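Chain letters run A, B, ... following the sequence lines, proteins first, then strands; residues in each count from 1. Small disclaimer: the values here were computed from a predicted structure and weren't measured. Only heavy atoms go into these numbers, but all of them, side chains included; no hydrogens, no water, no symmetry mates.
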Amino acid sequence: MVNQFVTVLENRKVNGQFYKLIFRCRALAKHAKPGQFVNLLVNVSYDPFLRRPFSFYRTIGDRIEILYEVLGRGTALLANKKKGEALKVMGPLGRGFKRIVKNKKRILVGGGIGVPPLVFLGERTVVDYFLIGAKSYKEVLPAKELSRVHGKILYSTNDGSYGAKGYVTGLLEQLLRKESPQSLFIQTCGPRPMVQAVMEIARQRGIEGEVSLDETMACGVGACLGCVVETREGWVPSCTHGPVFAFKELR
Amino acid sequence: MTPDLTTKIKHLEFRNPVAVASGTFGTKDEYASYMDYEQLGAIITKTITVQPRQGNPMPRVCETVGGMLNAIGLQNKGLEDFLEDKIPYFEKIRTPLIVNIAGESLDDFRILAETLDGYKNVVKAIEINLSCPNVEVGGATFMRKKERILSVVKTVRQETDLITFAKLSPELGDLNEIAGLLIREGVDGLSLINTLKGMAVDIEKRCFRLANKTGGLSGPAIRPVALRYVYEIKKAYKIPVIASGGIMTASDALEYLLVGADLVAVGTANFIDPHATGNILCGILDYCRRYRIARLDDLRGTLIDIDQ
Ligand SMILES: Cc1cc2nc3c(=O)[nH]c(=O)nc-3n(C[C@H](O)[C@H](O)[C@H](O)COP(=O)(O)OP(=O)(O)OC[C@H]3O[C@@H](n4cnc5c(N)ncnc54)[C@H](O)[C@@H]3O)c2cc1C
Ligand SMILES: Cc1cc2nc3c(=O)[nH]c(=O)nc-3n(C[C@H](O)[C@H](O)[C@H](O)COP(=O)(O)O)c2cc1C
Ligand code: FES
């Protein structure tokens, strides 16, 4: 496993809300799968102190891309990193999304900063629909960022400033009217209320799928038991058993 | 010449003094793809209890300045799983294994000590967790009664002659006094210190950051406090001490060694850097070379007063 310093190649805003970080790390890029993540040490410092987990947004050769939103001190410091500065990365961590969904239509449902791992998945597999929910146009990704996704992309914004007005679950329900549940496989990541609503829709109709959960983490390797999720097998670390879980594993 | 870092506690020999602290290094092979476990002086495992424990509700961890709060609540898979899954794994690793135990009753401690006594080929010592701040029963609150602590140590002592450490936290009361009583009860060493109980508030959501409300504070924030306890206990008693509390670098570890610590257990630092223990070990070796210290024993406990 990789635990090393890397150099920032690029770090800039891609829209009104998200930043893109690019660095080079051959060992990490070689093994990174959609849904897996890196535990990133922005600075060796006592405040902020812990690492921060980020999903792979994309890998191209030995280049790794991360898409992130500034939420607090760690991500604010990250946004200030300049080309040539160092970061420490650890990974690839966790279990990613299923890449083979035999004979089923793959529907990706992403919201907010839950979109990056699904973009990676959409570039590495074939998807039928990629539904993306955003608060407003500020969060909408430039077309260039999504040009390699193999599938139809539909946007919704809460304020109607781009795509359909409303929640992404509205798009999902519309789509489900035309499709038979047994033929679908949903993969989702986003804010907790959104993924819960998606899972509830899937449960009611008997649709299988997977969700990437966002738990607070410390170690990222299953050592601290700080990130556990309740599954049918009991409380398991999300960083090693997840962050991607099958709907049916969760209670 | 390579400085000799060999550390002896009773008949047990450690290749070097750098250990990993309970609950911060997983239960088995979590860090095995990042480092060689045989480079460690000792491995102290996550607390085990007789029955599996599911632990506390989420969120269980949060970051603080120079540290973190945790309220894991002793989640573990229990004794049976330890014997079936963990013992065979550690049997192949030559680093001395120290097994940390906790119980909800004297009977629990009796069962744990008696059972582990049967695995002396793998288990080299026991560390009794008398100080978890995050559980109602068996934790620091339960243990606050001096008689209870003493009876736990007495029970373990009756069941096994394995080297036995008692892990303490200032939450228990006057550590100096408790240490003295435990030594009389026949404990072989002390582990100082477990986490300090703390709290954090999310002002945006106006709620506790941890579901358990309070948690154990670890990391560099507690180091000066831990250092003071190791110093005071080592000064008062001739008892081996495993020091833990915010050891991030070799210089932190050296502070503890200078006040007399026998082993230095690296905890939260593992989360920040899985290579922390290796870096600390290299740093201690460099220091010894720089000051021409041939044996770590020539350095340990050699703190002097400030030159006036
Ligand atoms: C497996 C995994 C993958 C992730 N992938 C990405 C990604 O690709 N891009 C990205 O931008 N973020 C991602 N995150 C979330 C990211 O780790 C957090 O946004 C980051 O840790 C916040 O750090 P901070 O120091 O800026 O915020 P802090 O100062 O730690 O917190 C600031 C505020 O943000 C809130 N917050 C902190 N962490 C999270 C969180 N994990 N989710 C929601 N709110 C949080 C806190 O409650 C607080 O109110 C991922 C998280 C996980 C567990
Ligand atoms: C997440 C976490 C879990 C811990 N679990 C245990 C445990 O199960 N048993 C125990 O005796 N100590 C436990 N500890 C305490 C550590 O072993 C150590 O004594 C303490 O964290 C101080 O060292 P540090 O500051 O280097 O982390 C835990 C600490 C942390 C941070
Ligand atoms: S973050 Fe430590 S167990 Fe998952």
Side-chain angles (χ1 to χ4, degrees), chain A residues 1-5 27-28 31 38-53 71-75 77 87-94 192 213-242 251, chain B residues 20-35 45-47 52-77 202 204 209-211 215 218-221 223 246 248-249 267-276 278:
Chain A
M1 289 284 186
V2 172
N3 172 39
Q4 65 175 67
F5 282 101
L28 202 54
H31 301 287
V38 284
N39 218 0
L40 205 148
L41 191 63
V42 181
N43 280 338
V44 178
S45 91
Y46 287 170
D47 184 29
F49 181 57
L50 297 172
R51 288 176 181 254
R52 302 287 192 266
L71 276 181
R73 294 157 317 139
T75 44
L77 280 170
L87 293 167
K88 205 162 185 187
V89 295
M90 186 176 158
L93 302 173
R192 174 112 350 164
L213 293 176
D214 175 3
E215 292 296 342
T216 324
M217 293 184 179
C219 70
V221 298
C224 70
L225 301 180
C227 69
V228 294
V229 167
E230 189 175 15
T231 67
R232 292 186 187 282
E233 281 172 47
W235 292 85
V236 300
S238 170
C239 61
T240 50
H241 284 60
R251 309 209 328 158
Chain B
V20 284
S22 177
T24 64
F25 201 68
T27 55
K28 191 177 164 183
D29 57 355
E30 284 85 349
Y31 282 107
S33 57
Y34 293 92
M35 58 169 300
T45 55
K46 169 85 187 160
T47 296
R53 281 180 63 94
Q54 120 183 356
N56 287 328
M58 287 287 286
R60 292 176 171 186
V61 291
C62 91
E63 184 181 68
T64 58
V65 177
M68 64 182 279
L69 291 166
N70 88 80
I72 309 300
L74 299 184
Q75 177 175 349
N76 78 96
K77 292 186 177 165
D202 183 331
E204 306 300 331
R209 284 202 182 270
L210 298 175
S218 66
R223 192 172 62 239
M248 303 295 291
T249 64
T268 306
N270 293 305
F271 305 157
I272 317 298
D273 187 356
H275 296 149

Report summary line: Whatever's closer than 4.5 Å to a heavy atom in chain B on A/L41 counts as side chain

Report summary line: One should read off an interatomic distance between B/F271 CZ and A/M217 CE, to the nearest 0.5 angstrom, of 13.5 Å

**Report entry** Top contributor to chain A contacts, counting heavy-atom pairs under 4.5 Å, from B/G23, B/G55, B/G219, B/G67
**Finding:** B/G67

**Report entry** B/R60 with A/E215: basic N within carboxylate O range, under 4.0 Å
**Finding:** no

Report task. Give, as side chain, backbone, both or neither, the part of B/N270 having an atom under 4.5 angstrom from any heavy atom of chain A. Result -> neither

Report summary line: Bottom line for A/V2: the part with an atom under 4.5 Å from chain B's heavy atoms is backbone

Report task. Heavy atoms only: give me the nearest A/R51-B/P274 pair and the separation to one decimal. Result -> NH2-CD, 4.2 Å

Report task. Can you establish whether the number of heavy atoms outside A/K88 located under 6.0 Å from its atom NZ is more than 12? Result -> yes

**Report entry** Nearest heavy atoms of B/M58 and A/V228, plus distance in Å
**Finding:** CG-O, 3.4 Å

Query - Top contributor to chain A interface from B/M248, B/K46, B/M68 [non-hydrogen pairs under 4.5 Å] - result: B/M248

Query raised in the report: Out of curiosity, B/D273 CG to A/N39 CG, how far, rounded to the nearest 0.5 Å?
Result: 11.5 Å

Query raised in the report: Can you say whether B/F25 sits under 4.5 Å from chain A via the side chain, the backbone, both, or neither, judging by heavy atoms?
Result: backbone

Query - Main-chain N/O of A/W235 paired to B/Q75 side chain as donor or acceptor, under 3.5 Å - result: yes

Query raised in the report: Between B/E63 and A/F49, is there a donor-acceptor pair closer than 3.5 Å when you use the side chain of the first and the backbone of the second?
Result: yes

Requested in this report: Return the option, out of B/C62, B/P59, B/P220, with the maximum number of heavy-atom pairs under 4.5 Å with chain A.
Outcome: B/P220

**Report entry** Atom pair CD/CG of B/Q54 and A/L225 - distance to nearest 0.5 Å
**Finding:** 12.5 Å

Requested in this report: Considering only heavy atoms and a distance below 4.5 Å, find which of A/G234, A/P237, A/C227 pairs most often with chain B.
Outcome: A/C227

**Report entry** Contacting region of A/P48 [heavy-atom separation from chain B under 4.5 Å]
**Finding:** both

Query raised in the report: Between B/V61 and A/T216, which heavy-atom pair has the shortest distance, and what is it?
Result: O-CG2, 4.1 Å

Query - Pairs of heavy atoms under 4.5 Å with chain B: top-ranked of A/T240, A/V221, A/D47 - result: A/V221

Query - Region of B/T268 in contact with chain A, defined by heavy-atom distances below 4.5 Å - result: side chain

